[in-house]
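Note that the structure is a prediction, hence the values are computed from the model and not measured. The basis for the numbers below is simple: all heavy atoms, side chains too, and nothing from hydrogens, waters or symmetry mates.
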Amino acid sequence: MIVRTRVAPSPTGDPHVGTAYVALINYLFAKKHGGKFLLRIEDTDQARSTRESETAILDSLHWLGLSWDEGPDVGGPHGPYRQSERSAIYQEYVQKLLDAGHAFKCFCTPQRLEEMREAQKAAKQPPHYDGLCLTYDAAEVARREAAGETYVVRMNVPQEGVCVVDDTRRGPIEIEWRTVDMQILMKSDGLPTYHLANVVDDHLMEITHVIRGEEWVSSAPKHILLYRYFGWEPPALMHVPLLRNPDKSKLSKRKNPTSILFYKAMGYLPEALVNFLGALANSTAAGEEELMTLAHMVERFDLMHVALGGPVFDVAKLDWLNGRYLRERLDADAFEARVAAWGFAPARMKRIAALAHPRIERMSDLGNLCGFFFAGRLNYPVELLRAGKLDDDALRAAFALAQAELDLLREYDLAGIERVLKGVAESLDKKFRDVVRAFYIAVTGSPTSVPLFDAMEILGRDVVRERLRHALEALGKKEKTA
RNA sequence: GGCGCCAUAGUCUAUCGGUUAGGACGUCGCCCUUUCACGGCGAAGAGACGAGUUCGAUUCUCGUUGGCGCUACCA
């Protein structure tokens with residue numbers, strides 16, 4: 001048997017380090033066993049998926065040195081590798097389930113479902129589809145369909161017995177069928193949900209080992225049931241732990257930078273980041289060199305040694321590793337080249353120079369004026385934030401709101417940034433200039449600097465988010481008023 | 001709340017019943033050094049709790065506690 005693994009990111013946001021972590025484990029396992037590693041884009045959520053995000057994910061994983069044997073950008077014999085291009089396939093398989101009575105059409109409105117869940121919650125019952133539409137006979141279903149009622153397709157789930165999920169690393173996990181909801185397989189827009197698309201694709205793409213995040217354990221029975229319904233041999237399943245924030249919660253950009261783009265922008269080397277992630281999966285033994293190439297990681301990889309506790313993404317250790325790569329693995333020329341490529345690319349320098357040009361008296365002003373473009377955490381006194389007309393509460397509100405709004409921005413560009421900051425000033429009922437002043441400090445470290453929106457655009461969403469987070473941190477928690 | 005997963009120092013981990021519980025990051029100290037950093041040497045620091053099995057439990061079982069995940073027409 002040829003081992004075939006995959007990573008299946010959903011292009012709904014920044015390329016997440018967690019995606020890279022899971023991708024790396026799948027990659028290492030496949031390569032270790034002379035198999036294939038594929039990349040599939042799970043973009044069945046029309047509302048949230050974007051091409052920009054997909055591109056960023058592919059670029060980021062490539063940047064880390066990962067490559068796939070089959071995928072949307074390189075093709076392969078099992079394509080297309082983008083789920084949005086596989087609708088006809090899912091339609092076909094949903095019909096099979098429908099024909100066999102393993103799935104049914106559900107005409108319940110979102111409102112009814114909402115009320116049902118509320119009632120169940122109030123009655124201390126676990127939220128669960130009540131099976132109303134399962135009681136309709138063929139004539140009733142036909143009548144409703146003819147009347148133009150929209151419907152989704154739900155999976156018919158047995159209500160008795162237990163499902164044993166055989167996790168390669170954890171052993172058997174028993175989950176009672178009655179705790180498994182009658183999952184929607186196909187949404188009213190005709191596109192499949194994760195569960196259906198995932199199973200169909202993994203089968204069609206001949207995936208032998210599904211190695212994925214821990215968040216999927218509880219829905220594994222649904223997937224196993226689908227394999228059973230289709231009469232397919234399920235792949236080996238294994239769930240790896242989720243990366244954590246320092247406080248042990250699931251890694252989130254609220255508390256910790258999660259975007260690969262951020263680490264790139266901060267001047268981490270891809271080989272250091274991928275080494276760090278790999279060391280989280282398979283730690284080094286006593287006396288073993290911690291600096292490892294991808295090839296070396298492949299060689300020593302052991303799936304059974306992936307620890308089960310959720311590891312904290314320890315930036316301090318990443319810093320140490322990155323420092324060693326920078327100092328020990330790059331000679332003077334290579335270092336210079338990396339630095340140039342990192343922050344001094346011609347296009348970037350041109351923009352920065354143009355911003356500085358009108359505000360300069362001596363070229364030596366450049367350092368103070370533009371240093372923040374090449375910095376990580378800014379070291380300004382917190383008093384500077386407070387020097388403006390906004391009090392602490394207003395500052396906190398402004399930064400927090402901007403953080404959220406900037407994240408929601410579809411296109412992170414000049415116009416969008418301006419819209420967000422104007423919106424922040426408006427909703428706080430503060431003068432735009434007073435609000436902007438605070439952002440100057442948070443983003444550039446100084447009240448007098450190059451144009452803010454340009455600076456924010458050049459720095460990128462991730463670095464800006466981190467600087468706002470830092471400002472929020474510097475201000476401290478809201479004081480309890482006596 | 002229900003269901004599930006997890007549990008060795010601040011953090012990442014090794015240990016496949018018998019170890020002075022090993023390593024790495026971080027922290028602290030000493031050395032090197034015009035400063036700092038790097039580097040070298042060293043130190044402090046851990047089996048969540050309670051039962052059980054066993055000659056012997058960090059390791060196996062159960063319970064408690066804690067953390068996390070899931071509980072969407074998101075993945």
Task: With Val22(A), the side-chain contact (heavy atoms from CB on, under 4.5 Å) member among Leu24(A), Thr19(A), Ile25(A), Asn26(A) - done: Asn26(A)

Open item on the list: Looking at Lys222(A), I'd like to know whether one of its side-chain N or O atoms comes within less than 4.0 Å of OP1 or OP2 on rU71(B).
Closed with: no

Task: Euclidean distance for P, rG39(B) against rA24(B) (whole angstrom) - done: 13 Å

Open item on the list: Heavy-atom nearest nucleotide on RNA chain B for Thr193(A) versus Tyr21(A): which residue maps closer to 5'?
Closed with: Tyr21(A)

TODO: Write down the partner of rG1(B) under the Watson-Crick or G-U wobble criteria, each distance required to be under 3.5 Å.
DONE: rU71(B)

Open item on the list: Looking at Lys187(A), I'd like to know whether one of its side-chain N or O atoms comes within less than 4.0 Å of OP1 or OP2 on rC74(B).
Closed with: yes

Task: Given rG67(B), rC70(B), rC5(B), the nucleotide with the shortest approach to the side chain of Lys250(A) - done: rC70(B)

TODO: May I ask you to evaluate whether Lys317(A) reaches the phosphate of rU27(B), defined as a side-chain N or O under 4.0 Å from OP1 or OP2?
DONE: no

Open item on the list: At 4.0 Å (heavy atoms only), tell me whether Glu288(A) reaches a base, stays on the sugar-phosphate, or touches nothing.
Closed with: nothing

Open item on the list: Can you measure Arg324(A) atom CZ to rA24(B) atom C1' for me and round it to whole angstrom units?
Closed with: 10 Å

Open item on the list: Determine whether the aromatic ring centres of residues Trp216(A) and Tyr194(A) are separated by less than 6.0 angstrom.
Closed with: yes

Open item on the list: I want to check something: taking the side chain as every heavy atom from C-beta on, are Pro9(A) and Glu42(A) in contact at a cut-off of under 4.5 Å?
Closed with: no

TODO: Hunt down the Watson-Crick or G-U wobble partner of rA57(B), both distances under 3.5 Å, from any strand shown, or write none.
DONE: none

Open item on the list: Measuring only the C1' atom in each nucleotide, how far is rC16(B) from rA57(B)? A whole number of Å is fine.
Closed with: 14 Å

Open item on the list: Between rG1(B) and rC60(B), how far apart are the two C1' atoms, rounded to whole Å?
Closed with: 32 Å

Open item on the list: Measuring to OP1 and OP2 of rC12(B), would you say a side-chain N or O of His305(A) lies under 4.0 angstrom away?
Closed with: no

Task: Nucleotide of rC74(B), rC3(B), rC12(B) approaching Ile175(A) most closely (side-chain heavy atoms) - done: rC3(B)

- [ ] Write down the partner of rA24(B) under the Watson-Crick or G-U wobble criteria, each distance required to be under 3.5 Å.
- [x] rU11(B)

TODO: May I ask you to establish whether Arg6(A) and Phe37(A) are in a cation-pi arrangement, using a distance under 6.0 Å from NZ or CZ to the six-membered ring centre and at most 45° from the ring axis?
DONE: no

Task: Heavy-atom donor-acceptor pair, Arg327(A) side-chain to rC38(B) base, under 3.5 Å - done: no

- [ ] Looking only at side-chain atoms of Ala286(A), point me to the closest of rG22(B), rC70(B), rC73(B).
- [x] rG22(B)

- [ ] Using only side-chain N and O atoms of Arg244(A), determine if any of them is under 4.0 Å from OP1 or OP2 of rU11(B).
- [x] no

Open item on the list: Strictly below 4.0 Å: does Arg117(A) bring a side-chain N or O up to OP1 or OP2 of rC73(B)?
Closed with: yes

TODO: Could you measure between the two P atoms, the one in rA7(B) and the one in rU13(B), and give it in whole Å?
DONE: 10 Å

Task: Nucleotide nearest Ala316(A) when distance is taken to its side chain, options rG69(B), rC5(B), rC25(B) - done: rC25(B)

Open item on the list: Counting only side-chain heavy atoms from C-beta out, which of rU11(B), rA72(B), rA75(B) sits nearest to Val312(A)?
Closed with: rU11(B)

Open item on the list: Under 4.0 Å, counting only non-hydrogen atoms across every strand here, what does Thr284(A) touch: a base, just sugar-phosphate, or nothing?
Closed with: nothing

Task: Proximal nucleotide (of rG69(B), rC6(B), rC73(B)) relative to the Glu215(A) side chain - done: rG69(B)

Task: Pairwise P distance for rU71(B) and rA46(B), with rounding to whole Å - done: 39 Å

Open item on the list: Could you tell me how far rC30(B) sits from rG69(B) if I compare only their C1' atoms? Round to whole Å.
Closed with: 46 Å

Open item on the list: Looking at rC32(B), which nucleotide sits across from it as a Watson-Crick or G-U wobble partner, both distances under 3.5 angstrom, or is there none?
Closed with: none

Task: Minimum-distance nucleotide to Pro127(A) side chain [options: rG69(B), rA75(B), rA72(B)] - done: rA72(B)

TODO: Whole angstrom is fine here: how far is it from CG in Leu237(A) over to P in rC5(B)?
DONE: 14 Å

TODO: Any strand is fair game: report the nucleotide pairing with rU19(B) by Watson-Crick or G-U wobble, both distances under 3.5 Å, or none.
DONE: none

Open item on the list: Between Arg170(A) and His239(A), is the side chain to side chain donor-acceptor pair (under 3.5 Å) condition met? List the steps.
Closed with: CA-CA 8 Å; Arg170(A) 295 162 202 258; His239(A) 299 88; 5.2 Å; no

Open item on the list: Counting only side-chain heavy atoms from C-beta out, which of rA75(B), rC5(B), rG10(B) sits nearest to Asp314(A)?
Closed with: rG10(B)

Task: Among rC5(B), rU13(B), rC3(B), the one nearest Glu214(A) by side-chain distance - done: rC5(B)

Task: Identified pairing partner of rU64(B), criterion: Watson-Crick or G-U wobble below 3.5 Å - done: rA48(B)

TODO: Looking at every strand, decide which applies to Ser249(A) at a 4.0 Å heavy-atom threshold: base, sugar-phosphate, or nothing.
DONE: sugar-phosphate

TODO: Answer yes if the ring centres of Phe276(A) and Phe313(A) are under 6.0 angstrom apart, and no otherwise.
DONE: yes

Open item on the list: By nearest atom, which of the nucleotides rC74(B), rC73(B), rA75(B) is closest to the Arg48(A) side chain?
Closed with: rC74(B)

Task: Distance in angstrom units between Arg154(A) CZ and rA72(B) P, rounded - done: 10 Å

Task: Along RNA chain B (nearest heavy atom to each residue), the more 5'-positioned of Phe313(A) and Asp181(A) - done: Phe313(A)

TODO: Indicate whether the side chain of Tyr136(A) and that of Arg144(A) have a donor and an acceptor atom separated by less than 3.5 Å.
DONE: yes

Open item on the list: Using the rule given for ring-ring contact (aromatic ring centres under 6.0 Å, His included), can you reason through Phe29(A) versus His33(A), listing the C-alpha separation, both sets of side-chain angles and the distance that settles it, and then say yes or no?
Closed with: CA-CA 6 Å; Phe29(A) 180 72; His33(A) 295 95; 4.5 Å; yes

TODO: Examine the side chains of Ser49(A) and Asp45(A) and answer whether a donor and an acceptor come within less than 3.5 Å of each other.
DONE: no

- [ ] Could you work out the separation of rG67(B) and rA48(B) based on their C1' atoms and round it to a whole Å?
- [x] 11 Å

Open item on the list: I'd like the C1' distance from rA9(B) over to rG50(B), given in whole Å.
Closed with: 22 Å

TODO: Just call it for Leu242(A): base, sugar-phosphate, or nothing, with non-hydrogen atoms closer than 4.0 Å on any strand.
DONE: sugar-phosphate

Open item on the list: Within the 4.0 Å heavy-atom criterion, would you say Thr44(A) contacts the bases, only the backbone, or no part of the nucleic acid?
Closed with: sugar-phosphate

